[in-house]
2 protein chains.
Amino acid sequence: MDVESLRCVVTLAEELHFGRAAQLHYVSAGHFGRRIQRVERHLGARLFDRTSRRVALTPAGERVVAHARTVLAELDELRKSAVCPGRP
Amino acid sequence: MDVESLRCVVTLAEELHFGRAAQLHYVSAGHFGRRIQRVERHLGARLFDRTSRRVALTPAGERVVAHARTVLAELDELRKSAVCPGRP
DNA sequence: GAAGGTTACGCACAACGTAAACATG
DNA sequence: CATGTTTACGTTGTGCGTAACCTTC
């Protein structure tokens, strides 16, 4: 799994709209949908209910998004720890 | 950045040997080295000192590996939360 | 019938293995 | 000179955009 896909899931959870979420990631809507599908298949659980007019988080989706935020925040710490020379 | 590369960094930190670490990930040693290089370039910091006979973690490498373990553990929680139906 | 999500197709880039080159003890 | 890491090169797979298709209000 790649981190960018996790970011896509979080963004879609915030926007609840594939088109806007895709624009925020500078990718086409078609590809964005495939990314979400891949994450869902990879995890073996549906994260979003989309009725072609309405996008909503499933219970599993809510749990995954919460964890995804934690992961992304920790990755941010990781990047910072790589550059900072120790502890000034 | 992809998660598999993070796992490679952690494995190399444990083995301190490119060949063995690569085998543990079922990839060639050549490709494994490129993965590590990419992570280092991506983070803008050298994580391992290799003198072609000795592999050792740099201070930045130690910090990054510690964070990487946290990220991977959190990702494990994420996967579990996706399948578990809620809380019986 | 218009807006929004999905599927099909094609191109381009990046992952990967093999093997040769280079470095160190 | 033997062990171990890096680089070069060719092949294969996958990411990605475009556009057509399906569904709902």
Side-chain angles (χ1 to χ4, degrees), chain A residues 1-62 64-65 68 71-72 75 79 82, chain B residues 1-62 64-65 68 71-72 75 79 82:
Chain A
M1 185 181 351
D2 71 302
V3 175
E4 190 57 24
S5 296
L6 268 190
R7 256 184 255 274
C8 288
V9 169
V10 171
T11 300
L12 182 56
E14 288 166 352
E15 297 292 327
L16 295 178
H17 188 287
F18 277 77
R20 280 194 298 272
Q23 281 189 338
L24 290 174
H25 282 264
Y26 304 101
V27 297
S28 71
H31 186 64
F32 191 90
R34 305 264 297 261
R35 283 242 206 193
I36 301 294
Q37 285 183 343
R38 186 175 320 144
V39 174
E40 289 179 326
R41 220 169 322 117
H42 182 73
L43 292 175
R46 194 152 212 78
L47 304 181
F48 296 94
D49 274 332
R50 45 270 221 198
T51 68
S52 159
R53 200 75 181 177
R54 215 62 169 184
V55 177
L57 270 169
T58 64
E62 290 191 31
V64 166
V65 167
V71 169
L72 295 178
L75 271 171
R79 283 177 205 243
Chain B
M1 186 182 350
D2 71 304
V3 175
E4 190 58 23
S5 296
L6 269 190
R7 256 184 255 276
C8 289
V9 169
V10 171
T11 301
L12 182 57
E14 288 166 352
E15 297 292 328
L16 294 178
H17 188 287
F18 278 78
R20 280 195 298 271
Q23 281 189 338
L24 291 173
H25 282 265
Y26 305 102
V27 296
S28 69
H31 188 63
F32 191 90
R34 305 265 298 258
R35 283 241 206 195
I36 301 294
Q37 285 182 343
R38 188 174 320 142
V39 174
E40 291 179 325
R41 221 170 319 119
H42 181 73
L43 293 175
R46 194 151 211 81
L47 304 180
F48 297 94
D49 274 333
R50 47 274 220 192
T51 67
S52 159
R53 200 74 181 179
R54 215 59 169 189
V55 177
L57 270 169
T58 63
E62 290 192 30
V64 166
V65 167
V71 169
L72 295 177
L75 272 171
R79 282 177 205 243

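Atoms considered below: every heavy atom in the structure, side chains included; atoms not considered: hydrogens, waters and symmetry mates. Naming convention: chains lettered A, B, ... in sequence-line order (proteins, then strands); numbering from 1 in each chain.
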Inter-residue atom distance A:Leu16.CG - A:Arg54.CZ, 0.5 Å rounding: 9.0 Å
Residue mapping more 5' on DNA chain C - nearest nucleotide basis, A:Gly33 or A:Arg53: A:Arg53
For atom CZ of A:Arg20 and atom C1' of C:dG5, their distance in whole Å: 14 Å
Interatomic distance where CG belongs to B:Leu16 and C1' belongs to D:dT3 [whole Å]: 16 Å
Touch class at under 4.0 angstrom, heavy-atom based, for B:Thr51 against every strand present: sugar-phosphate
Any B:Arg34 side-chain nitrogen or oxygen under 4.0 Å from OP1 or OP2 of D:dT5: no
Sugar-phosphate, base or nothing in reach of B:Phe32, heavy atoms under 4.0 Å: nothing
Sugar-phosphate only, base, or nothing, as touched by A:Phe48 at under 4.0 Å among non-hydrogen atoms: nothing
Spacing of A:Phe48 atom CZ and A:Leu12 atom CG [to the nearest 0.5 Å]: 4.0 Å
Separation of D:dC16 C1' from A:Glu4 CD (nearest whole Å): 13 Å
B:Tyr26 OH - C:dG17 P separation (whole Å): 13 Å
side-chain N/O B:Arg38 vs C:dA15 OP1/OP2, d < 4.0 Å: yes
Distance in Å, A:Leu75 CG paired with B:Leu6 CG, rounded so as to fall on 0.5 Å steps: 6.5 Å
Whole angstrom value for the distance that separates C1' of D:dG4 from CD of B:Gln23: 13 Å
From D:dG4, D:dA8, C:dT7, nucleotide with atom closest to A:Gln37 side chain: C:dT7
Phosphate OP1/OP2 of C:dT6 contacted by A:Arg50 side-chain N/O (<4.0 Å): yes
For atom NE2 of A:His31 and atom C1' of D:dA19, their distance in whole Å: 16 Å
Distance in angstrom units between A:Arg41 CZ and D:dT14 P, rounded: 12 Å
Touch class at under 4.0 angstrom, heavy-atom based, for A:Arg54 against every strand present: nothing
For atom CG of A:Asp2 and atom P of C:dC13, their distance in whole Å: 19 Å
Qualifying residue for side chain to side chain contact (heavy atoms under 4.5 Å, CB included) with B:Ser5, from B:His25, B:Arg34, B:Arg35: B:Arg35
Nearest heavy atoms of A:Ala22 and A:Ala29, plus distance in Å: CB-CA, 3.8 Å
Nearest-neighbour nucleotide for the B:Arg35 side chain, D:dT5, C:dG17, C:dC16 considered: C:dC16
